[in-house]
Amino acid sequence: MTLKLTNTLTRRVEEFQPIEPGKVSIYCCGVTVYDLCHLGHARSYIAWDVLRRYLIWSGYAVTFVQNYTDIDDKILNRAAEEGSSMEAVSERNIDAFVADMARLNILPADRMPRATRSLDAIRALISELEAKGAAYSADGDVYFAVMKHAGYGKLSGRDLEQQQDNAAGRVASEEEARKLHPFDFALWKGTKPGEASFPSPWGAGRPGWHIECSAMVREELGDTIDIHLGGADLVFPHHENEIAQSEAATGKELAHYWLHNGMVNVGGQKMSKSLGNFTTIRALLDSGVSPMTLRLFTLQAHYRKPLDFTAEALEAAATGWKGLNAALGLAGETATASTELPPALAASRERFAATMDDDLNTSAALAVLFELAKPLRALANRIERGDDAARAEATTAELASQASLLQELAGVLGLQHEQDATAGGLSDAEIEAQIEARKAAKAAKDFPAADGIREALKAQGIELIDKPGGITEWLRS
RNA sequence: GGCGGCAUGGCCAAGUGGUAAGGCAGAGGAUUGCAAAUCCUUUACCCCCAGUUCGAAUCUGGGUGCCGCCUCCA
């Protein structure tokens, strides 16, 4: 059983073979920290978190590096708008990023380099490219010469000749005029008045976006890495350029496997800042959608496919998560599982691994989880409602093993039990008092009053469950 | 225009040659003063056309529709 991944570079599903047995080096393109992360980022980073967790679960020692792009026009613009500095904007959004990722139970990267702290490596790489004739400077800018690099376009399938024809009509701006080929891109941009800049052999300025990643990958993980990750929208030009820069400098392949995740769509269109159709991670979570619901929502689709974000689909995920969560809650209460896995459970575990090996088929993997969860959920709900027989059933070794396996596999997907949100400001005593009042109303056959109390509590997130024998229990939902 | 991808029940979605996983919604039943919640049961021939094959959602060819990239973007 080996992991197979869709490699954008070859456009094929390939068996994963690490450079060094048992070890995996991964570089994941991070965010440009000019604003809060939205659901597109969430989807991407959840997918890669699952890849990472699965590799670890499979026994690999994983080194995961994710960068912050903290030098960028958008950050500068934002700083100018609010009258602060590039550093202030970056710092604030990095803090937000860390917090948002933590809420989604995304493992922090092993190392998170920043462009501003990698300037030496960036300048060194540009110099190296210049020395090799792959770069040229023009009026304080330094460009990469795509025509000098055989293989440019191999990731995205571009054809330089063809594109030149197409671009012929749109060479308008000054910058375009300076380039030898329309696809040439800036490695270093000369400073403009009033902008943050850094010294360099080519004059004060700042690095281009693509070179930042090339430099950070090399500095953190070496010339060749196992896996490079990113959103499908980065294939061209970002990753294509990254490959060109790195491979022109080192003469070695930059990454063996290139994985790209599909976009999050809203009404059939890509969620993005520029279209203004985005929902930030924190806005969604703060609106009451649980982090695990969001995780489940994204993992129900294959990572490469577009994912349409709709209220209805999210609602479905929330209800689905409720069931899984109930089953996971039981895992903490059962007896210690025996180390021997019963045959049926061992088969489930194998099936889970087989689906994940198949290019991270989380949708199919979730089916295994739901099947494992089904009896546990039923039991958990019976216990919740005070069924003592159910409590006894939960202590069997068989169920303990099942609960334990569910917990383990859910963990591979980063799904973990969530405590019921403590919504509403009512204390337990206040709730009990309301229940007593409703009981009295019912006894007096004043059902409208009884229903009124129930509705009022429901509005505050308190759900009443009437049980046989006139007993009423409640849950915070 | 170029490159890449997708089209499966009311919604989401797996399945890549042997008669359609899973989740949500819906329906029926149990329970209830009525509900809610919960539990049990249950619901599809896979965009269209042609072809290959004993057999195709799955392969080939042709359509149609949709999306992404080609400018910053996860």
How close or far is atom [atom2] of [N] from atom [atom1] of [X], stated in whole angstroms?
{"X": "A:L155", "N": "B:rG5", "atom1": "CG", "atom2": "C1'", "value": "14 Å"}
{"X": "A:R438", "N": "B:rU32", "atom1": "CZ", "atom2": "P", "value": "14 Å"}
{"X": "A:N381", "N": "B:rU31", "atom1": "CG", "atom2": "P", "value": "19 Å"}
{"X": "A:W258", "N": "B:rA74", "atom1": "CH2", "atom2": "C1'", "value": "14 Å"}
{"X": "A:L372", "N": "B:rG23", "atom1": "CG", "atom2": "C1'", "value": "15 Å"}
{"X": "A:L366", "N": "B:rA21", "atom1": "CG", "atom2": "P", "value": "17 Å"}
{"X": "A:R158", "N": "B:rG68", "atom1": "CZ", "atom2": "P", "value": "14 Å"}

message: Hydrogens and angles aside, do A:E418 and A:W321 bring a side-chain donor and acceptor to less than 3.5 Å of each other?
response: yes
message: Just by distance, no angles: are the side chains of A:T6 and A:D359 close enough, under 3.5 Å, to form a donor-acceptor pair?
response: yes
Centroid distance under 5.5 Å and plane angle under 30°, A:F370 vs B:rG23: no
In the structure shown, which nucleotide is the Watson-Crick or G-U wobble counterpart of [N], with both distances under 3.5 Å?
{"N": "B:rA30", "result": "B:rU38"}
{"N": "B:rG10", "result": "B:rC24"}
{"N": "B:rC45", "result": "none"}
{"N": "B:rU53", "result": "none"}
{"N": "B:rG17", "result": "none"}
{"N": "B:rG1", "result": "B:rC70"}

query: Hey, what do you get for CD1 (A:I26) to CG (A:L229), rounding to the nearest 0.5 Å?
result: 6.0 Å
statement: For A:L104 and A:M292, the nearest pair of non-hydrogen atoms, with its separation, is O-CE, 4.2 Å
- prompt: Should A:R11 be listed as having a side-chain N or O under 4.0 Å from OP1 or OP2 of B:rG5?
  reply: no
message: Strictly below 4.0 Å: does A:K270 bring a side-chain N or O up to OP1 or OP2 of B:rC69?
response: yes
- request: In plain terms, say whether A:R52 and A:D110 are close enough for a salt bridge, that is, a side-chain N and a carboxylate O under 4.0 Å apart.
  value: yes
task: Can you tell me, in whole Å, how much space there is between the C1' of B:rC59 and that of B:rG23?
output: 31 Å
Separation between the P atoms of B:rA20 and B:rA56, rounded to whole Å: 13 Å
- prompt: Hey, is the side chain of A:R454 pairing donor to acceptor with the base of B:rC34 inside 3.5 Å?
  reply: yes
task: Heavy atoms under 4.0 Å is the rule here; annotate nucleotides 10-19 of chain B 5' to 3' with B where the base is hit, S where only the sugar-phosphate is, and - elsewhere.
output: -S-SSS----
- prompt: Would A:K179 count as a cation-pi partner of A:F144, with NZ or CZ less than 6.0 Å from the six-membered ring centre and within 45° of the ring normal?
  reply: no
message: Can you work out whether A:P375 or A:A367 has the more 5'-proximal nearest nucleotide on RNA chain B?
response: A:A367
query: Closer to the 5' end of RNA chain B via nearest nucleotide, is it A:P448 or A:K74?
result: A:P448
- prompt: What about A:Y143 and A:F185, are their ring centers closer than 6.0 Å?
  reply: no
task: Indicate yes or no for a side-chain donor-acceptor contact from A:D358 to the backbone of A:N361 under 3.5 Å, with no hydrogens or angles considered.
output: no
